[in-house]
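Bear in mind that the values here come from a model prediction, so they are computed numbers and not experimental data. Convention: sequence-line order gives letters A, B, ...; per-chain numbering from 1.
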Protein chains: 2
Amino acid sequence: MKKTDILKKLRSSGLRPTKQRVEIAKFLFEREKTFHFTVESLNRLLTKKSVSKIALATIYNTVHAFKTAGHLSEVEVRGNKTYFDTNVSNHHHFYDSETSELIDIDASDIVIQKIPKAPNGKKIKNVEVFINLKN
Amino acid sequence: MKKTDILKKLRSSGLRPTKQRVEIAKFLFEREKTFHFTVESLNRLLTKKSVSKIALATIYNTVHAFKTAGHLSEVEVRGNKTYFDTNVSNHHHFYDSETSELIDIDASDIVIQKIPKAPNGKKIKNVEVFINLKN
DNA sequence: TTTTCACTTTAGAATTATTATAAACTAGAA
DNA sequence: TTCTAGTTTATAATAATTCTAAAGTGAAAA
């Protein structure tokens with residue numbers, strides 16, 4: 001993803017492309033593979049990488065803004081921290097609790113044959129499959 | 001589950017059946033259906049129900065002790081609080097984010113036809129299916 | 001180009017869930 | 001009954017996240 005696209009991405013979702021947002025967006029979206037992170041790990045990586053320090057509150061703000069705009073998805077992982085994923089398509093995860101690492105699973109790699117119907121007037125929003133790994 | 005069984009359950013897992021543990025265990029396990037809760041909701045319900053106040057720290061201690069003993073399972077739910085479940089068999093969940101309510105799905109009600117193999121030397125510990133509901 | 005102002009950033013305080021601490025208490029073996 | 005390891009408790013500490021309010025800044029309009 002080129003810089004122009006980053007600007008387009010931000011503007012098209014109503015986010016003013018500030019210095020901080022562009023820097024974070026470039027870090028998150030200018031990569032080939034999907035990226036999984038927590039706010040804490042993102043902060044650590046950004047601090048290491050860049051000259052200008054971005055406030056932790058700004059990282060929280062930005063990540064939430066990106067999530068609301070649909071540029072990031074939140075992954076449910078047992079534990080205290082919240083994980084985010086640059087892969088916003090419908091997909092699933094392996095989770096290695098030894099390393100606290102998430103690995104994407106393509107939606108097409110899991111086929112569910114039988115599923116119960118939603119209770120009392122509710123509908124199914126989405127189905128998430130989470131595969132815990134061990135050694 | 002009768003009181004004798006509660007005592008047996010505690011003792012058999014190396015937990016001294018103290019007044020507090022018995023009270024919490026009775027509340028959690030002397031019921032027909034599975035029960036889902038957070039420490040906060042359990043604390044609220046216990047306070048309402050009983051005469052003697054149990055310290056919040058004790059509820060945390062006890063819930064963790066029960067979990068370690070295999071009498072409770074932890075459910076991964078997006079968000080800040082940790083959910084527990086009196087159903088410790090292999091099963092899945094519906095989650096209604098409107099009401100923050102969890103509903104059990106019997107393991108036999110979900111059949112997965114295709115599943116990817118675990119990465120590099122890892123093995124699959126377990127597979128959790130989480131179905132988000134909407135109205 | 002300058003002005004203007006709603007949107008942003010920021011540091012630090014506040015909040016919330018959870019864990020740690022250490023003193024008082026107690027189940028149950030001796 | 002005595003003793004002691006295991007337990008409970010109030011409170012402090014920690015950790016993740018959100019709030020606050022003052023200072024800063026994109027970008028539209030003058």
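Atom C1' of nucleotide dT18(C) and atom CZ of Phe84(B) are separated by 10 Å, given to the nearest angstrom. Following rounding to the nearest Å, Asn43(A) (CG) and dA11(C) (P) show an atom-to-atom distance of 11 Å. Distance, Leu7(A) CG to dG26(D) P: 12 Å, rounded to whole Å. In this structure, Leu10(B) atom CG and dA27(C) atom P are separated by 13 Å, rounded to whole Å. dT9(C) atom P lies 12 Å from atom CD of Glu23(A), rounded to whole Å. The nearest whole Å value for the distance from the CG atom in Leu15(A) to the C1' atom in dA6(C) is 15 Å. Regarding Tyr83(B), its OH atom lies at a distance of 16 Å from the C1' atom of dT18(C), rounded to whole Å.
Pairs engaging residues 106-133 of chain B under the salt bridge (Lys or Arg N to Asp or Glu O under 4.0 Å) rule: Arg78(A)-Glu128(B), Asp96(A)-Lys122(B) [sequence neighbours left out].
Of the side-chain N and O atoms in Arg21(B), one or more sit less than 4.0 angstrom from OP1 or OP2 of dT8(D). Not one side-chain nitrogen or oxygen of Thr38(B) sits closer than 4.0 Å to the OP1 or OP2 atom of dA17(C). For dT8(D), neither phosphate oxygen OP1 nor OP2 lies less than 4.0 angstrom from any side-chain nitrogen or oxygen of Arg16(B). For dT18(C), neither phosphate oxygen OP1 nor OP2 lies less than 4.0 angstrom from any side-chain nitrogen or oxygen of His64(B).
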Along nucleotides 9-16 of chain D, 5' to 3', which nucleotides get a B, which get an S, and which get a -, given that the test is a protein heavy-atom distance under 4.0 Å? BB-----S

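Classification of the Phe37(B)-Phe35(B) ring pair by plane angle, with boundaries at 30° and 60°, yields parallel.
Under the rule for a salt bridge (Lys or Arg N to Asp or Glu O under 4.0 Å), the partners of Arg44(A) that lie at least two apart in sequence or sit in another chain are Glu40(A). Checked against side-chain contact (heavy atoms from CB on, under 4.5 Å), Thr34(B) has the following partners two or more places apart in sequence or in another chain: His36(B), Asp85(B), Thr86(B), Asn87(B), Asp104(B). Considering only residues two or more places apart in sequence or on other chains, Lys67(A) meets the salt bridge (Lys or Arg N to Asp or Glu O under 4.0 Å) condition with Glu74(A).
Applying the under-4.5 Å side-chain rule to Ile, Leu, Val, Met, Phe, Trp and Tyr, the cluster around Val111(A) consists of that residue alone.
Expressed to the nearest 0.5 Å, how far CG of Leu46(B) lies from NZ of Lys26(B) amounts to 12.0 Å.
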